[in-house]
Enquirer: 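Here's a structure for you.
Counting starts at 1 for both ligands and their atoms, in listed order.
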Amino acid sequence: MKVFQHVSDIGDLKQAIEEALQIKADRYQYQSLGKNKTCMLIFFNNSLRTRLSTQKAAMNLGMNVIVLDVNQGAWKLETERGVIMDGDKSEHLLEAIPVMGCYCDIIGVRSFARFENREDDYQEKILNQFIKYSGKPVFFMESATVHPLQAFADLITIEEYKRNQRPKVVLTWAPHPKSLPQAVPNSFAQWMNAADVNFVVTHPEGYELDPLFVGDAKVEYDQLKAFEGADFIYAKNWSCPGVTRPEDYGKVLSKDMSWTVDTKHMELTNNAYFMHCLPVRRNMIVTDDVIESPTSIVIPEAANREISAQVVLKRMLESL
Ligand code: AN0
Ligand code: CP
């Protein structure tokens, strides 16, 4: 595997899940695979889970790990070609990327949507430069439009907890004070569409996800109706994807607190499990009661981030 961005990059999903469960049963069985190989993790944005779980996954495979927080100690980077660099940016991404590539065998990059320009974000301008100029396999640790390590971990979690063959999985928008990216819901939708689940998305009008990811998944604008009979509730806020009104891209269109997932919402479900990628704002996205309830699986979900990262790194090591 040379790039990990979309669900298609992982190939057969059933096989990938089997591999994940097999790794989870004995996560140190491939310790010689990564000997003298270096995994570099580049963060343009904050992280708790991705940073820790990916390092752990690399160490399980016997790899060395280098982590760089670009905004803490590295030179300020220019990303646009053709700019006269007389401002505060000392180095261009076009040199920085191949230099980073010299010191490692595999690169992971986190670079969120900037919300300046929808096209730049949806064309993945930053990550595509890493693919083009690093000379190394690149995995996405949440880019402008996708968060595949999260979606893969979510799928593994659903496989582990499902109580029927084809569970009803509901992705619900929930309120948040700030503009958040669409990467998590985009990838979740893409992976759920590829998996054997009954997938429903619910959000207020104006929050329609890009068809590139949501495909022809069922969209139900009535949140309470969507929750009926659900086996898994996956909550997440996202800002306006700008599909119907490009001028609203990245905006907060609603802070409607009636969308907060509370006990009343959960009572409509088939005793559903509650999921969220974390970090989560309590009593905005979900109430204390729901996230602390026995059917909340946010912690096992986060634990599976180590496993999804390990499958991806293992496959990249195997193709070096
Ligand atoms: C990010 C987001 O919503 O994409 C990261 C989630 C994994 N969340 C925040 O910035 C709070
Ligand atoms: N879920 C997730 O990616 O968390 P972090 O932003 O803490 O890495």
Enquirer: Can you classify the ring geometry of Trp173 versus Tyr207 as parallel (below 30°), tilted (30 to 60°) or perpendicular (above 60°)?
Expert: tilted

Enquirer: If you measure from each heavy atom of Met141 to ligand 2, is any distance below 4.0 Å?
Expert: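 The answer is no: ligand 2 sits nowhere under 4.0 Å from a heavy atom of Met141.
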
Enquirer: Would you say the side-chain atoms of Ser239 pair up with the backbone N or O of Ser179, donor to acceptor, closer than 3.5 Å?
Expert: no

Enquirer: Ignoring hydrogens and geometry beyond distance, is a side-chain donor-acceptor pair present between Arg27 and Gln310 at under 3.5 Å?
Expert: no

Enquirer: Sequence neighbours left out, what pairs pass side-chain hydrogen bond (donor to acceptor under 3.5 Å, both in side chains) with at least one residue falling in residues 129-140?
Expert: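 Non-adjacent pairs meeting side-chain hydrogen bond (donor to acceptor under 3.5 Å, both in side chains): zero.
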
Enquirer: Between Glu142 and ligand 2, find which residue part has any heavy-atom pair under 4.0 Å and reply side chain, backbone, both or neither.
Expert: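 Answer for Glu142: neither.
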
Enquirer: List the atom of Ile156, the atom of Leu21, and the distance in Å for their closest heavy-atom pair.
Expert: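 Result for this residue pair: CG2-CD2, 4.2 Å.
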
Enquirer: When you measure from the side chain of Asp105 to the backbone of Thr38, do you find a donor-acceptor pair of N or O atoms at a distance under 3.5 Å?
Expert: yes

Enquirer: Give the residue and atom name of whichever protein heavy atom lies nearest to atom 4 (O) of ligand 2, and the separation in Å to one decimal.
Expert: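 Heavy-atom neighbour on the protein nearest atom 4 (O) of ligand 2: Arg49 NE, 2.8 Å.
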
Enquirer: Would you say His176 and ligand 1 have an N/O pair spaced under 3.5 Å apart?
Expert: no

Enquirer: So, Gln223 versus Thr202: side-chain donor-acceptor pair below 3.5 Å or not?
Expert: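 No.
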
Enquirer: Just checking, is any N or O donor in the side chain of Gln22 or Gln29 under 3.5 Å from an acceptor N or O on the other one?
Expert: yes

Enquirer: Give the ring-plane orientation class for Phe152 versus Trp191, where under 30° counts as parallel, over 60° as perpendicular and anything between as tilted.
Expert: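 Geometry flag for Trp191 against Phe152: parallel rings.
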
Enquirer: So, is Asn237 polar-close to ligand 1, with some N/O to N/O distance under 3.5 Å?
Expert: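 Between Asn237 and ligand 1, no N or O pair is found under 3.5 Å apart.
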
Enquirer: How close does the nearest protein non-hydrogen atom get to atom 6 (O) of ligand 2, and which residue and atom is it?
Expert: Arg110 NH1, 2.8 Å

Enquirer: Does Ala183 come within less than 4.0 Å of ligand 1, judged by its heavy atoms?
Expert: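 So Ala183 does not count as touching ligand 1.
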
Enquirer: Using a 4.0 Å heavy-atom cut-off, say whether Val184 meets ligand 2 through its side chain, its backbone, both or neither.
Expert: neither

Enquirer: By number and element, which atoms of ligand 1 are closer than 4.0 Å to a non-hydrogen atom of Leu278?
Expert: 7 (C)

Enquirer: When you compare ligand 2 with Arg51, is there at least one nitrogen or oxygen pair between them that comes in under 3.5 angstrom?
Expert: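 So ligand 2 has no N or O lying under 3.5 Å from an N or O of Arg51.
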
Enquirer: Quick check on contacts: which atoms of ligand 2 are under 4.0 angstrom from a heavy atom of His147?
Expert: 2 (C), 3 (O)

Enquirer: Using a strict 4.0 Å cut-off to heavy atoms of Glu142, name the atoms of ligand 1 that fall inside it.
Expert: 2 (C), 4 (O), 5 (C), 6 (C), 7 (C)

Enquirer: For the residue pair Asp9 and His6, confirm or rule out a side-chain donor-acceptor distance under 3.5 Å.
Expert: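 Asp9 vs His6: no donor-acceptor pair found between side chains.
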
Enquirer: Return the residue, atom name and 0.1 Å-rounded distance of the protein heavy atom closest to atom 2 (C) of ligand 2.
Expert: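 So the nearest neighbour among protein heavy atoms is Arg305 NH1, 3.3 Å.
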
Enquirer: Looking only at non-hydrogen atoms, which of Thr50, Asn46, Val184, Leu180 approaches atom 8 (N) of ligand 1 most closely?
Expert: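 Looking at heavy atoms only, the winner is Leu180.
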
Enquirer: Classify the contact between Lys236 and ligand 1 as side chain, backbone, both or neither, using a heavy-atom distance cut-off of under 4.0 Å.
Expert: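 The part of Lys236 near ligand 1 is the side chain, not the backbone.
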
Enquirer: For ligand 2, which atoms have a heavy atom of Leu48 less than 4.0 angstrom away?
Expert: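 So the answer, numbered in order with elements, is 5 (P), 7 (O), 8 (O).
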
